[in-house]
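Here the structure is laid out as structure tokens; the discussion comes afterwards.
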Amino acid sequence: MIEIKDLVKKYDNKTVLNHLNYTISTGSIVGLIGPNGAGKSTLLYLLNGILQADSGEILFDGQEVYENPEVKKDILLISDDPYYFPHASIDTMKDFYVAWYPSFDESIFHKFLKIFSLPLHKPIKDFSKGMKRLTMLSIALAIGPKYLLLDEAFDGLDPVMRFNFKKAITKLIEEKEMTIIISSHNLRELEDICDQFGILENGQITTSGDVFETKENIHKIQIVFKEELDKDRFDHLDLLSFKKQSRVINMVVKGNMKQITEYLNKLHPLMLEVLPVNLEEIFIYEMERRGYGIYEDDEY
Amino acid sequence: MKMMNINYFQYLIKQHKRLLIFINVIGIIMIPFFTLMYAFNTPHDLNVFSSIMAMIFGFIISFLAPIYLFSFLQKKKSTNLYFSLPIKKESLFITTSLFSLFATIIPVVIDFTIAIVLTNNIGNRFFDTSFGSLILTVFQIIIYMLVTQGLTTCITIFCQNTFDSFVVNVAYVLAPCLLFLGLLINASICAESIMIGQGNYASIIENLIYYLSFPYTGFYQVFYTIQNNDIISLIPTLYWFIIMVISYVLSYRLFIKRRAEMSENHTQSLFMYPLLIVIVTFSLILTVFNLSNNDFSDTFLIMTLAFIFVVYLIMYYVSVRKVYFNWKIPAVFILLLAGSLGFTQIYQSTQGFGTLSEYPSEEYDGKLILVTNFSKNVKFENSEINYMTLDSRNGNTRQLIIQFQKEILKSGMISKDFYSDEYACISLFYSKEKNNDSVNRHYYIVDQENINKYLKMYENLLKTIKSNKDYTCHHYEYQQGNE
């Protein structure tokens with residue numbers, strides 16, 4: 001289990017993480033989402049013990065991570081732009097990681113190199129961004145760390161490789177009890193793989209929970225009335241989004257579906273349709289509710 | 001060693017296999033091979049040559065190795081990678097430092113040993129250094145390589161980007177030499193303006209170089225040991241050894257406190273750019289200050305100071321990576337200018353902090369030379385007058401010459417203005433028995449009348465010396481017409 005308690009991280013005078021509290025249970029796959037500059041990468045770097053927190057603590061199974069090799073040997077971070085030594089080949093980098101992680105399994109490593117069609121002896125500097133990321137993923141899969149941190153996991157991967165990437169991670173989770181934290185802007189991809197999510201905003205996790213349960217609890221509703229109704233008629237509902245076009249209303253509502261439909265039916269709609277909602281929409285609605293950079297059509 | 005990560009050390013050897021081979025090949029070329037080549041052309045002082053080559057090679061690789069091995073601290077991505085590894089920072093520092101020493105010291109020692117064995121086998125006639133001195137030389141080479149690595153490691157860890165790391169490291173080798181030159185030139189000009197004659201009055205400042213420049217001291221110590229089968233002095237080596245220990249302790253502390261977010265930023269520490277800029281600017285001002293006798297109406301001085309100010313500005317703007325103006329910039333320059341003026345004034349008013357004297361201290365107990373040169377128009381008959389070498393281990397002889405010097409100075413014959421048709425230049429050289437360091441004094445006498453007075457004093461001196469049974473004196477006949 002990872003416990004983040006009252007975590008504060010500042011760069012110069014800018015507070016990036018502001019008394020952040022969050023708990024991640026073992027074996028979960030957490031999607032870390034948030035607007036640009038929210039501090040997702042900073043949080044991952046703190047979780048890996050690269051950065052030192054200004055205050056607060058990060059505990060992995062009760063042990064502080066910073067300057068603690070016993071904890072760090074179970075953590076691996078794949079950053080958005082992994083570092084490779086100048087002129088290094090995959091083989092050279094493998095030697096480096098073998099020196100640090102005794103659990104490195106060469107057979108798994110070579111298996112994934114084959115799956116991802118990566119050349120062993122060519123210089124990594126000539127690889128595309130996606131190939132570099134897959135190289136690092138192969139290393140991570142070979143190490144099989146207890147905690148895998150992925151920063152902007154799907155950047156630079158083509159659809160086939162994204163599929164392979166997700167499949168490889170899923171397989172790894174099946175085989176080992178791993179905890180994975182993935183930050184990404186590609187929320188549709190996260191939705192496929194994550195069972196938990198946390199929205200990082202203003203230095204804190206403002207919304208978090210189980211992806212499935214949250215999706216069950218948030219509903220996109222299209223409703224048509226005989227006459228125009230104002231927003232205040234829906235004050236009884238926990239509205240995340242409300243858009244009205246004459247008699248047609250599109251809304252996103254949080255809560256029990258049965259209770260919501262019962263309430264709406266009392267208003268005698270001509271038509272009421274519940275549409276599926278995805279993680280990306282949840283994120284957008286949450287951001288919209290907080291007034292973060294979502295533009296209405298007439299603003300363009 | 002508990003603090004060292006054996007796996008990582010082995011990995012470093014494997015990873016840098018090619019580099020290690022390259023270092024060894026270059027070492028073999030520079031030390032044994034060059035010594036052999038030198039042996040065929042100049043078959044003497046081979047041990048001196050090979051030890052100097054070992055020092056040059058040792059200094060270069062000791063300077064570059066820490067910059068290279070700790071360069072991961074200068075880039076964000078590489079710092080993140082290294083700081084993410086399951087190792088404590090202290091262990092990472094110790095393992096990297098030990099590898100740096102392993103990769104540099106071992107090749108130098110091996111190559112130097114090969115050179116010594118090879119030259120010894122060419123013929124024993126070349127082998128003029130004792131075994132003890134060779135061991136001592138190897139020991140000194142190792143000490144100065146450690147000093148180089150300690151200081152370079154410390155500066156590299158202080159710096160926050162690759163450019164600063166290289167520039168500041170180079171500057172820390174050169175700036176102390178510049179400071180030494182500034183002090184020496186300034187003090188020499190000051191001294192000559194207040195002393196009676198000319199000469200190396202500020203010779204005490206010359207010793208400062210041993211405590212300012214570790215490459216100079218290292219080369220000099222090794223050179224002296226191998227040539228004279230002796231140590232010139234343990235104090236500078238001990239001093240640099242302490243500096244090395246402090247550097248490593250400081251490096252260790254800095255490394256442990258180093259944060260990943262410091263990489264790829266401007267180096268902030270006062271001990272890096274600010275201190276270097278102050279040293280370089282102060283040295284330059286000191287160097288030029290007395291050339292114009294502190295006369296601020298002198299165009300040369302004003303132009304030179306303006307040039308130094310431009311150099312100062314360039315250094316400052318490079319250090320902060322932006323061009324802007326605030327009052328702090330000229331204020332610091334003015335303070336340095338005042339500091340230089342202050343140093344000059346204090347040096348003059350305190351007679352070089354009490355170090356300036358016409359007469360040598362008791363330390364100068366070796367060979368003593370008295371030379372008198374005359375201009376063409378001077379007439380005299382004594383052909384023994386020109387060159388006299390005395391052995392001042394005989395205390396009486398030394399006292400006799402110092403007394404002679406005192407009498408000349410007391411006589412009031414000495415002139416600062418020697419642009420005359422008739423002049424004599426009296427030169428005195430007092431040297432140390434141990435290392436041949438010497439002080440020299442040159443006094444000018446103008447006018448035939450004064451010169452005649454001097455010749456009479458000289459004849460008396462010669463008579464006294466000759467009457468002394470145990471004197472050792474060599475004369476060279478003077479050929480009139482030669483200056």
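Computed from a prediction, not measured in an experiment: that's the story for all the values here. In what follows, every chain begins at residue 1, and chains take the letters A, B, ... in the order their sequences are listed.
For B/I87, the parts lying near chain A are the backbone and the side chain together; criterion is any non-hydrogen pair under 4.5 Å. Both the backbone and the side chain of B/E261 come within contact range of chain A, with heavy atoms under 4.5 Å apart. Interface remark: B/K14 contributes side-chain atoms only to the contact with chain A (heavy atom separation under 4.5 Å). Of the atoms belonging to A/Y84, not a single heavy atom falls under 4.5 Å from chain B. There is no contact between A/P102 and chain B, counting heavy-atom distances below 4.5 Å.
In this structure, the side chains of A/M136 and A/L76 come closer than 4.5 Å at one or more pairs of heavy atoms. Taking the side chain as every heavy atom from C-beta outward, A/H19 and A/L7 never approach each other to under 4.5 Å.
Taking the six-membered ring for Trp, B/Y82 and B/F72 have ring centres closer than 6.0 Å.
Of the residues considered (B/F83, B/Y8, B/Y11), B/Y11 shows the highest number of contacts with chain A, using heavy-atom pairs under 4.5 Å.
Salt bridge annotation for A/K132-A/D81: absent, with no cationic side-chain nitrogen under 4.0 angstrom from a carboxylate oxygen.
A side-chain donor-acceptor contact under 3.5 Å links B/N5 to the backbone of B/N7.
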